[in-house]
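Data first, discussion second: the structure below is written as structure tokens.
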Amino acid sequence: MIRRSRAGAALLSLAVAAGLAACSSSGDEAGGDAVTLDYWLWDDNQKASYQACADAFHADNPNITIKISQSAWDVYWQNLTTQVAAGDAPDVWTNQGSYYPQFVTSGQILDLEPYVKADNVDLSQYQAGLAGLFEKDGKRYGLPKDWDTMAVVYNTDHLKAQGLDAAALEDLSWNPTDGGTFEQAIAKATVDNNGKNGLDPAFDKTKVKVYGFLPEWGDGSQGQNGWGNFAAMLGFTYLDKNPWGTQFKYDDPRLAQVIDWYKSLIAKGYSPALDLKSTLARDALLNAGKGAMTITGSWMINSYLGDSAKVKFAFAPLPAGPQGRKSAINGLSDAIWAGTEHKDEAWKWVKFLASSDCQDIVGGNAVVFPAIKTASDKALAAHEGKGRDVRAFIDQATAPNGTFFLPITDHGSEVSKIVQDAIQSAVLGRTDSATALKKANEQVNALFK
Amino acid sequence: MTSSTPHHPARRRDDRRAAWWFLVPVLAGFGVFYGYPAVRGLWYSVTDYTMLNTPSFVGAENYSALMRDGDFWNALKVTAWYVLLNIGSQTLLALAIAALMHRLTRSVVLRATLLLPWLVPNVTVGLLWMWLLDTNLGFLNHLLGTVGIGPVGFLSDASLAMPSIAAINTWSYTGYTALLLYAGMLQIPQYLYESAAIDGAGEWRMFRRVTLPLLRPVLALVLVVSLIGSFQIFDTIAVTTKGDPVGATRAIYFFIYEEAFRFFHLGYAAAAAICLALILGVLTAVQMRLLRASRSDLA
């Protein structure tokens, strides 16, 4: 099969070359051959913004055309890996922290450091730390394109009815022992069939109508949508070093404390039990009025504040834990395939994607927060122009020590499965949290031996 | 079923050669789409292939790792549980429906209606039932709630998730199975029922003494086909539970899929797939033998 397709490709390229030769012999156009670069991304919400970037780029570089392909997150990495394995990968693609290490390890991503040095790309224009996520051993495997942070999203009408307005949610505290004022708010937002809230002595936890807080249990090894943030507020770190650590610390008792706190919410009836949780996503439950609050990321802004939302939502900052308020921050990057035949053209495109020329366009469309700080301000302004309050995300990103990075390591998806299974079995009560996490940590660290 | 004419003229040799030409398209298709991938899969199962590397030979390492992998055994266990639930409920229901169709009504509309769930794509079936069975927003839990029961975590409770998935697929496949069995029942000569009736046998007795024994070859075929199909449970799981909670629905196909296309352990996944093929082969052989599928009592 391979041999045949190679022969086919050879024939095809011969035909193309012959065609091109015919073209160039007849015409005498200056400025090199026309090149089409394949560019991949997964978020359909962002496709239009990057198409606008591609059009602007093509206007400046008429001989380079960008062909954007978008495929859903669930199949994106399968498609990409298959294409890379087949030797037919896109020239440039969007990368994410958990998935890109395997391409680095297998030598499929072009080192951009020489290009960055030659063209003097200013790495300090990006949100602090983002550029470093894609560095390994002095090599650079991508330039930052955007970032996301976490905040609390809540149903405004429901919380108002329980006496909680935006000001009351602005500065909540949290600790793993009694949950602080955050748990008080959750309790107030939980309402049973008789209309009694979680603080009422007559509250019936077996007949809950609206849960105060919806946890995310399918959150892999990172807990980006919940436990990871709380653990960080206790001083937990995932790894010996990040990125590219090899020693995980899931056996940290502080992480077990967070999971135990989550279990206590279930025991009190403030959150649905794991075996009674919905198979549908949390935003579906919030929209149906079955839940009052959850923790979400800035990539969900348009789902919650957009036209498709069935109830009115607003964002509040995460509560502040014993070591302050901390949110996971995650950044995406654009990478060049090491096997591309158009390295220089691909670099031009990546450099453009990572420049304010493109990121201002993306920011102006208010879909994500671009990596360049000034472009992020444009996104904030665009949101405000639409009457959307998204300060919670920006404030958290710019607060000193307000963020922590998600782990970037080899074996990301295996670690994800092991840790998620361990946490779920702890929440289901099959083992206690500390034992489950200790065992998972041993399994995870064994992957690196 | 083949006609056995007592006298036929001696065949010319050319016939066989011609027959091979007629078989070529099928053999070519089989070779390209089954034979070649199977051989390649066998090779991958003894390598450390990850899609991005050049596979190198590792001997039986994948297989011995599989034997030590608790998740693999768990996958086999939950698959066996699923097969038991699914084949059991599906075959019994289908048998009942087929018998009713055979003895009571032969309405074409009814037969067509029975097939409807089977015509719906599996992913749609999965999505449909995921919404219907959802703990918080599902219609079924809403109904249960009005009579004071629940909510029940059909797909999120570890002990209920697999039975729920088995029930979904039973809903989807019973009509088709019933139709196969019904076709088998139509081959049973009518006079047997008439003479049984004259001898004073009731419907139940006729079913047990006439229908079931004479249906055996068809039933065996249906069982073998649905057993293999049942082992391949994948789409319903991929749509509804994705193997959760804590592996309770991580059936063997989903296990193989995750190893191959989530963790990119292609060699390991190939080894698991070879094990599954072996298990299915053994099960099929045992079943065929026990049910004497190739012989009919209708002689």
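Letters A, B, ... are given to chains in the order of the sequence lines, protein chains preceding strands, and every chain is numbered from 1. Every heavy atom of this structure was used, including side-chain atoms; hydrogens, water molecules and symmetry mates were not.
In this structure, no portion of B/S159 lies under 4.5 Å from any heavy atom of chain A. Contact annotation for A/K290: only side-chain heavy atoms (C-beta onward) come within less than 4.5 Å of a heavy atom of chain B. Only the side chain of A/Q420 comes within contact range of chain B, with heavy atoms under 4.5 Å apart. Heavy-atom distances place the backbone of A/L274, and not its side chain, under 4.5 Å from chain B. Using a 4.5 Å cut-off between heavy atoms, B/D71 touches chain A through its side chain atoms alone. Within the 4.5 angstrom heavy-atom criterion, no atom of B/F154 approaches chain A.
Formation of a donor-acceptor pair under 3.5 Å by the A/Q96 side chain with backbone atoms of A/S98 is found in this model.
Ring-centre distance between A/F103 and A/W93: below the 6.0 Å cut-off. A centroid separation of 6.0 Å or more is found between the aromatic rings of A/Y100 and A/W77.
Counting heavy-atom pairs closer than 4.5 Å to chain A, the top-ranked of the candidates B/R250, B/K242, B/H265 is B/R250. Considering only heavy-atom pairs separated by less than 4.5 Å from chain B, the leading option among A/L280, A/T82, A/T206 is A/L280. Between chain B and the residues A/K417, A/H411, A/Q108, A/R430, the largest count of heavy-atom pairs under 4.5 Å involves A/K417.
Side-chain atoms of A/N225 and A/D219 include a donor-acceptor pair closer than 3.5 Å. No hydrogens or angles considered: a donor-acceptor pair under 3.5 Å links the side chains of B/N169 and B/Y82.
Of the residues listed (B/T249, B/I252, B/I165, B/V78), the one engaging B/I233 in a side chain to side chain contact (heavy atoms under 4.5 Å, CB included) is B/I165, and it is the only one.
Relative orientation of the B/F254 and B/Y257 rings is tilted, given thresholds of 30° and 60° on the angle between their planes.
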